[in-house]
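One structure is given here, and the rest of the page talks about it.
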Amino acid sequence: MTADQLPLLKQAIIREVKDSPLRINLMELGFLPGKIICLHHVAPASGPMAFLLEETILALRKNEASLLEVQLL
């Protein structure tokens, strides 16, 4: 499953950041394998998705969230 498919308010552990030109940017933001994320909010009309990562809320576009391979906790 990828982070864009994560149910609202469910936690997941990041398993892998898929190979992409955005891979380094996501990893610099803190989306690293082994980290726990939670889908906090989804904007209407397929807008950005807000993820809670440690104590920070970060917004990603749906195509960016699809680069994060996750496993539900």
Side-chain angles (χ1 to χ4, degrees):
M1 147 186 281
T2 56
D4 65 316
Q5 302 166 332
L6 197 60
L8 194 61
L9 301 177
K10 295 290 182 178
Q11 288 188 333
I13 188 165
I14 299 173
R15 290 290 173 205
E16 177 187 2
V17 182
K18 294 181 182 178
D19 194 30
S20 160
L22 296 174
R23 183 172 195 254
I24 298 297
N25 299 73
L26 290 170
M27 294 177 81
E28 286 176 342
L29 286 171
F31 292 100
L32 300 167
K35 295 279 188 168
I36 295 173
I37 62 171
C38 177
L39 180 58
H40 189 268
H41 184 77
V42 179
S46 297
M49 307 174 81
F51 291 94
L52 180 64
L53 174 69
E54 294 177 342
E55 296 178 7
T56 305
I57 295 177
L58 298 163
L60 296 177
R61 294 178 188 96
K62 191 171 179 124
N63 67 327
E64 296 166 343
S66 70
L67 299 173
L68 302 173
E69 193 70 37
V70 299
Q71 180 181 350
L72 282 174
L73 292 178

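Once rounded to the nearest 0.5 Å, the distance linking CD1 of I36 with CD of E54 reads 9.5 Å. For the atom pair CE (M1) and CG (D4), the distance works out to 9.0 Å, reported to the nearest 0.5 Å. Remark: E69 CD to Q5 CD distance equals 8.0 Å, nearest 0.5 Å. Distance check: M49 CE to L6 CG gives 7.0 Å after rounding to the nearest 0.5 Å. In this structure, CZ in F51 is found 12.5 Å from CG in L29, a value given to the nearest 0.5 Å.
The two residues T2 and K18 come nearest to each other via the heavy atoms CG2-NZ, 3.5 Å. Shortest non-hydrogen contact noted between L39 and V42 is CD2-CG2, 3.8 Å. Of all heavy-atom pairs spanning L68 and F31, the tightest one is CD1-CD2, 3.6 Å.
Results of the side chain to side chain contact (heavy atoms under 4.5 Å, CB included) test with S20 over I24, V17, L22 single out L22 as the only residue that passes. Just one residue in the list L52, L58, V70, L60 forms a side chain to side chain contact (heavy atoms under 4.5 Å, CB included) with I37, and that residue is V70.
Counting non-hydrogen atoms of neighbouring residues, nucleotides and ligands closer than 6.0 angstrom, the CZ atom of R61 reaches no more than 12 such neighbours. In K35, the NZ atom is not crowded: 12 or fewer heavy atoms of neighbouring residues, nucleotides or ligands sit closer than 6.0 Å.
Annotation: side chain of L73 is in contact with side chain of I13 (closest heavy-atom distance under 4.5 Å). Here the side chains of P33 and E16 are not in contact, with every heavy-atom distance at 4.5 Å or above.
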